[in-house]
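A short worksheet on the structure shown next.
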Amino acid sequence: MEYYLAKYSSMTLASRVKKRVNRDGSYVGVIHTPKCISNGGCTYSLRFKKNKLNEVENVSHELGIKIKGLYKEIKENGEKRYEIIR
């Protein structure tokens, strides 16, 4: 299963987007941004399946919430790494 992360500057912003995107009940989680992509500070990310990517971007734009980075989650040898996509 392919997952993506959208990084936000706070839990509040990530939660606002999640509330709008999660209306159909599919998985969208708010997580602490992994250290390898957090660039310091306290950031939170939405973790979601690929089919939600456009919706996350659109809802963020509609709400005026800046996405600080979009990443594809890749699992290799039991380890997760993140590839920036935007």
Side-chain angles (χ1 to χ4, degrees):
M1 188 107 12
E2 267 187 337
Y3 286 99
Y4 287 76
L5 297 182
K7 184 169 69 170
Y8 297 94
S9 60
S10 73
M11 178 181 272
T12 302
L13 297 177
S15 295
R16 285 180 61 202
V17 175
K18 176 187 175 179
K19 187 175 180 179
R20 289 266 306 268
V21 172
N22 199 26
R23 289 184 179 172
D24 65 359
S26 61
Y27 172 77
V28 178
V30 176
I31 63 169
H32 282 281
T33 301
K35 287 183 182 183
C36 61
I37 60 173
S38 70
N39 301 330
C42 186
T43 60
Y44 288 83
S45 293
L46 285 186
R47 185 174 183 258
F48 52 90
K49 294 179 184 172
K50 184 178 182 177
N51 66 326
K52 292 288 187 181
L53 182 58
N54 288 333
E55 188 176 0
V56 167
E57 289 183 292
N58 292 337
V59 167
S60 296
H61 181 73
E62 289 169 11
L63 295 174
I65 297 173
K66 182 178 176 161
I67 298 174
K68 297 181 131 276
L70 281 169
Y71 301 85
K72 181 178 180 180
E73 184 179 282
I74 299 167
K75 286 187 180 182
E76 291 178 335
N77 301 322
E79 300 282 323
K80 290 181 187 175
R81 69 178 182 84
Y82 300 91
E83 181 179 288
I84 191 162
I85 59 170
R86 286 193 260 298

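Everything numeric in this text was worked out from a predicted model, so none of it was measured.
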Sole residue of Val21, Asn54, Ile65 in side chain to side chain contact (heavy atoms under 4.5 Å, CB included) with Val59: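 That would be Val21.
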field: Atom pair NZ (Lys49) and OH (Tyr27), whose distance is rounded to the nearest 0.5 Å
entry: 9.5 Å
field: Straight-line distance of Lys75 NZ to Lys80 NZ, nearest 0.5 Å
entry: 5.0 Å
- prompt: Taking a hydrophobic cluster as the set of Ile, Leu, Val, Met, Phe, Trp and Tyr residues connected by side-chain heavy atoms closer than 4.5 Å, whether directly or through intermediates, do Val30 and Tyr3 fall within one such cluster?
  reply: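 Per the 4.5 Å side-chain linkage, Val30 and Tyr3 are not co-clustered.
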Side-chain touch [X]/[Y], heavy atoms, less than 4.5 angstrom:
X: Leu53; Y: Ile85; value: yes
X: Ile67; Y: Leu70; value: yes
X: Leu46; Y: Tyr4; value: no
X: Tyr8; Y: Val17; value: yes
X: Tyr82; Y: Leu5; value: yes
X: Lys50; Y: Met1; value: no

query: Considering residues at least two apart in sequence or located in another chain, which fulfil the salt bridge (charged side-chain N to carboxylate O under 4.0 Å, His left out) criterion with Lys72?
result: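 By the salt bridge (charged side-chain N to carboxylate O under 4.0 Å, His left out) rule, Lys72 matches Glu2.
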task: Identify, with sequence neighbours excluded, every residue that meets salt bridge (charged side-chain N to carboxylate O under 4.0 Å, His left out) alongside Glu76.
output: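 Salt bridge (charged side-chain N to carboxylate O under 4.0 Å, His left out) list for Glu76, sorted by chain: Arg81.
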message: Could you go through Tyr71 and Lys7, starting from their C-alpha distance and side-chain angles, then the distance that decides it, and tell me whether this counts as side chain to side chain contact (heavy atoms under 4.5 Å, CB included)?
response: CA-CA 8 Å; Tyr71 301 85; Lys7 184 169 69 170; 3.6 Å; yes
Pairwise side-chain hydrogen bond (donor to acceptor under 3.5 Å, both in side chains) hits with a residue in residues 9-21, at least two apart: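 Residue pairs passing side-chain hydrogen bond (donor to acceptor under 3.5 Å, both in side chains), neighbours aside: Arg20-Glu62.
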Where at least one partner belongs to residues 24-33, residue pairs that pass salt bridge (Lys or Arg N to Asp or Glu O under 4.0 Å), sequence neighbours excluded: Asp24-Lys52
For residues 31-40, which side-chain donor-acceptor pairs fall under 3.5 Å, sequence neighbours excluded?
{"residue": "Thr33", "atom": "OG1", "partner": "Thr43", "partner atom": "O", "Å": "3.3"}
{"residue": "Thr33", "atom": "OG1", "partner": "Thr43", "partner atom": "OG1", "Å": "3.0"}
{"residue": "Thr33", "atom": "OG1", "partner": "Tyr44", "partner atom": "N", "Å": "3.4"}
{"residue": "Thr33", "atom": "OG1", "partner": "Ser45", "partner atom": "OG", "Å": "2.8"}
{"residue": "Ser38", "atom": "OG", "partner": "Lys35", "partner atom": "O", "Å": "3.3"}

- request: Name all residues meeting the side-chain contact (heavy atoms from CB on, under 4.5 Å) criterion together with Lys66; count only those two or more places apart in sequence or in a different chain, and write none if there are none.
  value: none
